[in-house]
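Here the structure comes first, spelled out in structure tokens, and everything after it is commentary.
In what follows, chains are A, B, ... by sequence order, proteins preceding strands, each numbered from 1. Small disclaimer: the values here were computed from a predicted structure and weren't measured. When reading the values below, keep in mind they use all heavy atoms of this one structure, side chains included, and skip hydrogens, waters and symmetry mates.
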There are 2 protein chains.
Amino acid sequence: MPRTHKRKRFKKVVTRIPVSGQRMQMQDIANLAGVSTSTVSRALSHSSLVNDETRTRIAELARSHNYSINIGARNLRLQHSRTVAVVVPYDVRTRQHISDPFFVSMLGSLADALTEQGYDMLLSRVDAERLDLVAQLEASGRAIGVILIGQWHHHDQLNELANRKVPLVVWGARLPRQTYCTVGSDNITGGLLATQHLIETGRRRIAFFGDPELPEIGQRYEGYQRALKHHGIPLDARLVVAAEFSEGSSRRAVDALLEKKIVFDGVFASSDLLAMRAIGALREKGLIVPRDVGVVGYDDIELSQYFHPSLTTIRQPILKGGEALVNALLALVANKALSSEVLPTELVVRESSAPSPAPP
Amino acid sequence: MPRTHKRKRFKKVVTRIPVSGQRMQMQDIANLAGVSTSTVSRALSHSSLVNDETRTRIAELARSHNYSINIGARNLRLQHSRTVAVVVPYDVRTRQHISDPFFVSMLGSLADALTEQGYDMLLSRVDAERLDLVAQLEASGRAIGVILIGQWHHHDQLNELANRKVPLVVWGARLPRQTYCTVGSDNITGGLLATQHLIETGRRRIAFFGDPELPEIGQRYEGYQRALKHHGIPLDARLVVAAEFSEGSSRRAVDALLEKKIVFDGVFASSDLLAMRAIGALREKGLIVPRDVGVVGYDDIELSQYFHPSLTTIRQPILKGGEALVNALLALVANKALSSEVLPTELVVRESSAPSPAPP
DNA sequence: GTGAAAGCGCTAACAA
DNA sequence: TTGTTAGCGCTTTCAC
């Protein structure tokens with residue numbers, strides 16, 4: 001016990017000399033300034049309790065010595081942090097998800113929104129089958145909460161996370177009996193606008209490419225159905241092809257339709273990537289877009305305008321989406337009232353859906 | 001002083017009861033297990049010092065209560081962390097950079113490589129004009145080092161960071177008098193392969209699209225020059241157009257050439273994005289790729305194969321790149337010997353460079 | 001306006 | 001094999 005005290009005493013005799021190669025810390029700045037660490041701490045956090053002259057002197061000292069407050073220690077003491085985890089679940093087999101340009105733009109938008117609000121962004125890849133692991137991001141204090149991009153078919157797992165009180169916001173569709181918070185775009189209207197546009201440009205046999213089992217896609221499909229119904233066009237189930245995001249699936253979808261000799265003159269693809277691949281597959285079969293088939297995509301990724309033909313599509317509000325996700329998470333963490341949010345979508349007309357010559 | 005002691009005594013009487021809403025901590029698990037925190041700590045870190053039965057009991061307790069060790073506290077105590085910062089500098093005006101599909105894929109690759117090695121990834125956007133700020137990421141203990149994607153024209157700033165001993169690895173070109181470490185692909189060979197391929201497919205008047213002032217592009221340009229020289233084709237400076245990555249610049253490049261009536265039958269674009277936009281611009285002017293003009297891009301982004309015509313390009317080894325960047329940074333942090341690395345590039349032949357009919 | 005000292009949650013040296 | 005205790009770098013109460 002006495003020994004212990006002695007050790008402590010030694011320690012407290014403030015003679016830390018910034019050894020070269022050693023990281024600067026507050027005590028070093030304090031020594032340099034001839035004040036205590038308390039004063040340095042106050043000066044650096046712009047406390048009004050500290051003399052102006054002292055403050056500027058300390059600030060200058062800190063800057064010239066490249067000193068930055070140790071965030072970890074600060075967080076520990078303050079019992080909070082300013083880091084948000086962004087999770088892009090990935091399929092162990094494909095690792096495909098992060099590469100969809102839409103998710104990527106969302107990542108950029110989130111990075112901006114978080115930076116804007118003074119938060120750090122921890123980017124995590126998590127196995128889609130082990131989504132329960134995202135709880136650890138918060139439980140371990142790595143992040144104050146989690147923004148998850150890619151709802152996929154993980155509704156139940158997400159509900160469970162929310163039930164476990166993990167601060168979580170998901171980009172995706174609002175679903176019935178959902179205990180987690182979502183931010184997403186108006187997929188039903190999006191699907192409706194896309195289909196309606198194809199109908200209005202003279203298409204009648206409109207195929208739907210996408211897996212309606214996925215919440216967002218399901219809602220786009222809902223919009224597709226509504227548009228058909230509204231125009232008195234019967235739904236032909238054979239025109240609905242559950243193409244996934246993965247490579248080759250658009251090609252197979254097109255092949256399947258053509259092999260079965262199912263006639264179609266329009267395609268509403270549930271993502272731009274899918275649409276582009278479909279156009280390629282159609283071309284291989286000698287079908288020209290938009291002459292033979294009108295195509296509308298979804299997302300309005302950057303390349304859509306440079307594609308040939310340029311792609312008619314539904315624009316999702318990415319910038320607003322990132323902001324909304326961040327705001328929702330911060331509200332959730334602050335225990336504020338909070339409801340899921342649905343952002344507007346918009347039809348962007350380009351070449352791929354140009355009207356076909358009126359049928360004879 | 002006595003009061004102080006008393007407070008401490010109170011504190012040490014271990015009666016922390018996991019209040020609902022309070023975060024679980026090690027003491028709680030210790031109480032539950034009827035052991036000390038030391039034992040819990042040891043059990044959770046798989047120390048051999050702890051009884052097997054005790055270990056499994058504690059592990060079970062921790063899991064069932066969703067307890068995760070507080071990483072911040074642990075890092076503080078251990079004096080290290082397992083977080084790496086990945087920085088994508090951005091231009092305040094355009095915010096363009098993160099959206100280039102190549103950088104994005106690199107991000108994915110880095111996320112994988114870091115996850116693989118058990119590191120967290122902190123994604124930071126930093127104003128390209130304030131690159132000195134990246135030093136803070138390390139100085140503040142947020143990250144053990146920085147991986148920077150996008151060398152651009154910041155050679156001097158990067159050198160200065162390295163001189164300040166900031167652990168830093170950059171994706172880019174190896175340059176003369178460089179004190180920071182780079183990992184990049186073999187741009188000279190890439191440029192050479194691309195140009196040579198165009199020559200071998202019958203093109204003679206080959207334009208170069210890209211800003212040779214940027215280190216990587218400069219090296220691709222170097223390869224372009226070498227290929228021309230090797231085939232005895234004179235360099236025509238009017239064919240070199242400093243198109244940037246930004247929107248519209250490819251179109252202007254094409255327009256400029258056509259307006260000045262500068263004849264060309266090939267384009268080597270320094271990125272796939274640039275190539276795609278150039279193809280669009282050419283088409284608008286009635287020029288067909290590859291019939292009238294052969295085009296080769298750079299990067300081999302995912303969409304290149306779906307583009308029409310599918311894009312001949314130079315593939316950069318993204319997966320290897322991510323791994324190499326991570327390995328380099330970890331070596332740097334561990335003070336291991338380290339040199340910049342140049343990865344191989346590869347020509348991928350597709351439609352956009354199909355041989356033109358032999359000139360009459 | 002400034003300093004002394006305690007403690008955030010954890011690990012490890014030392015004691016038992 | 002387990003427990004006690006100090007302290008990682010910081011902020012803040014309390015005392016002056």
Send over the distance from [X] [atom1] to [N] [atom2], rounded to a whole Å.
X     : N      : atom1 : atom2 : value
A:L44 : D:dG9  : CG    : P     : 16 Å
A:R77 : D:dG9  : CZ    : C1'   : 11 Å
A:L76 : D:dT12 : CG    : C1'   : 14 Å
A:N31 : C:dG3  : CG    : P     : 11 Å
B:Q27 : D:dG3  : CD    : C1'   : 12 Å
B:R42 : C:dA12 : CZ    : P     : 10 Å
B:Q25 : C:dC8  : CD    : P     : 8 Å
A:L78 : D:dG9  : CG    : P     : 17 Å

Query raised in the report: Hey, which of these two, A:T37 or B:V40, hits DNA chain C nearer its 5' end, going by closest nucleotide?
Result: A:T37
Report summary line: Nearest heavy-atom approach of A:N327 to A:Q117 is OD1-NE2, 2.9 Å
Report task. May I ask you to list the residues of residues 45-70 of chain A, by number, that have any heavy atom positioned under 4.0 Å from an atom of DNA chain C? Result -> A:L49, A:V50, A:N51, A:T54
Report task. Using only side-chain N and O atoms of B:Q79, determine if any of them is under 4.0 Å from OP1 or OP2 of D:dC8. Result -> no
Residues which pass side chain to side chain donor-acceptor pair (under 3.5 Å) with [X], listed by chain and number, not counting sequence neighbours:
X      : value
A:E341 : none
B:S124 : none
B:Y180 : B:Q151, B:H155
A:D127 : none

Query raised in the report: Quick one: does A:S38 reach the base of C:dA4 with a side-chain donor-acceptor pair under 3.5 Å?
Result: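 Present.
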**Report entry** Side chain A:S36 and base C:dA4 donor-acceptor under 3.5 Å
**Finding:** no
Report task. Check every strand shown and say whether A:T39 touches a base, only sugar-phosphate, or nothing at a heavy-atom separation below 4.0 Å. Result -> sugar-phosphate
Requested in this report: Sequence neighbours left out, what pairs pass salt bridge (charged side-chain N to carboxylate O under 4.0 Å, His left out) with at least one residue falling in residues 143-171 of chain B?
Outcome: none
Query raised in the report: Do the charged groups of A:E60 and A:R63 touch, with an N to O distance under 4.0 Å?
Result: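 Judged by the 4.0 Å cut-off on N to carboxylate O distance, A:E60 and A:R63 do form a salt bridge.
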Query raised in the report: Residues in salt bridge (charged side-chain N to carboxylate O under 4.0 Å, His left out) with A:R174, at least two apart?
Result: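 Salt bridge (charged side-chain N to carboxylate O under 4.0 Å, His left out) list for A:R174, sorted by chain: empty.
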Report task. Apply salt bridge (charged side-chain N to carboxylate O under 4.0 Å, His left out) to B:R82 and list each qualifying residue two or more places apart in sequence or on a separate chain. Result -> none
Query raised in the report: Per the end-axis method with five pairs at each terminus, what is the bend angle of the helix from C:dG1-D:dC16 to C:dA16-D:dT1, to 10°?
Result: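 The value is 40°.
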Report task. Find which nucleotide of DNA chain D each of B:V35 and B:A73 is nearest to by heavy atoms, and output the residue with the more 5' nucleotide. Result ->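 By nearest-heavy-atom nucleotide position, the 5'-most residue is B:V35.
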